[in-house]
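As structure tokens, the structure follows; a few thoughts come after it.
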Amino acid sequence: MIDKATAEHYQWGDQCDGWYLLKRQDLLIIHEQMPANTAERRHYHEQSRQFFFVLSGELVMELAGEMHRLQAQQGLEIPPNVPHQARNASPQAVEFLVISHPSTRGDRHDLPVST
């Protein structure tokens with residue numbers, strides 16, 4: 001059994017949090033929290049297919065140049081090799097699940113920051 005209180009925790013980006021709910025090479029499930037007005041770096045995965053599912057708040061997902069506003073209880077699939085970026089443009093924190101098959105470990109390719 002796993003719960004957020006006992007899951008392995010890590011920090012990423014600008015004060016964002018993640019908790020590994022399942023950490024296997026063939027399947028990765030992470031509960032993530034992004035504070036207000038934060039974003040991850042735009043990137044892609046060569047092999048991993050991901051599914052983002054919002055638990056609370058609003059998550060803006062940029063997927064291959066198209067913006068998707070995900071509310072609580074909404075999700076979005078991210079196919080391999082498609083550039084994407086998660087953003088929290090709202091004044092409240094957003095919490096969501098990220099399910100990756102296979103794991104994204106060693107499979108993330110950051111893209112240059114555009115100016």
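Computation of the quantities below employed the complete heavy-atom set of this structure, encompassing side-chain atoms and omitting hydrogens, waters and symmetry-equivalent molecules.
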message = When you compare the side chain of E95 with that of K4, does any pair of heavy atoms fall below 4.5 Å?
response = yes

key: Close side-chain approach of Q50 to F52, heavy-atom, < 4.5 Å   = yes

remark   = Between L59 and A86, the two heavy atoms sitting closest are CD1-CB, 4.0 Å

query = Mind checking whether L28 and K23 have side chains closer than 4.5 Å, heavy atoms only?
reply = yes

key: Over all atoms of both residues, closest heavy-atom pair of L111 and P83   = CD1-CB, 3.6 Å

query = Once you round to the nearest 0.5 Å, how far does OG1 of T104 lie from CD of E46?
reply = 13.0 Å

note = Nearest heavy-atom contact between M67 and R87 is CE-NH1, 2.8 Å

remark   = To the nearest 0.5 Å, atom CZ of R41 lies from atom CG of D110 at 4.5 Å

ask   = In Å and rounded to the nearest 0.5 Å, what is the CD to CD distance from Q74 to E58?
value = 9.0 Å

message = Please verify the inter-ring angle class for H45 with H43; under 30° counts as parallel, over 60° as perpendicular, anything in between as tilted.
response = perpendicular

ask   = With a 4.5 Å limit on heavy-atom distance, are the side chains of L97 and L21 in contact?
value = yes

key: Transitive ILVMFWY side-chain link W12 to V98, under 4.5 Å   = yes

task = Determine whether more than 12 heavy atoms belonging to other residues, nucleotides or ligands lie under 6.0 Å from atom CD of Q11.
result = yes

query = Mind checking whether H31 and W19 have parallel, tilted or perpendicular rings, split at 30° and 60°?
reply = perpendicular

ask   = Just wondering, more than 12 heavy atoms not from R69 lying within 6.0 Å of its CZ?
value = no

query = If you count the non-hydrogen atoms of other residues, nucleotides and ligands that lie under 6.0 Å from NE2 in H101, is the total more than 12?
reply = no

key: Whether over 12 other heavy atoms sit under 6.0 Å from R105 CZ   = no

key: Heavy-atom closest pair, residues T38 and C16   = OG1-SG, 3.9 Å

note = Exactly one of R42, Q85, H84 clears side chain to side chain donor-acceptor pair (under 3.5 Å) with E62, and that residue is R42

query = Between Q47 and P80, what is the shortest heavy-atom contact and its length?
reply = O-CG, 3.6 Å

From CG (L22) to CG (D26), nearest 0.5 Å = 8.0 Å

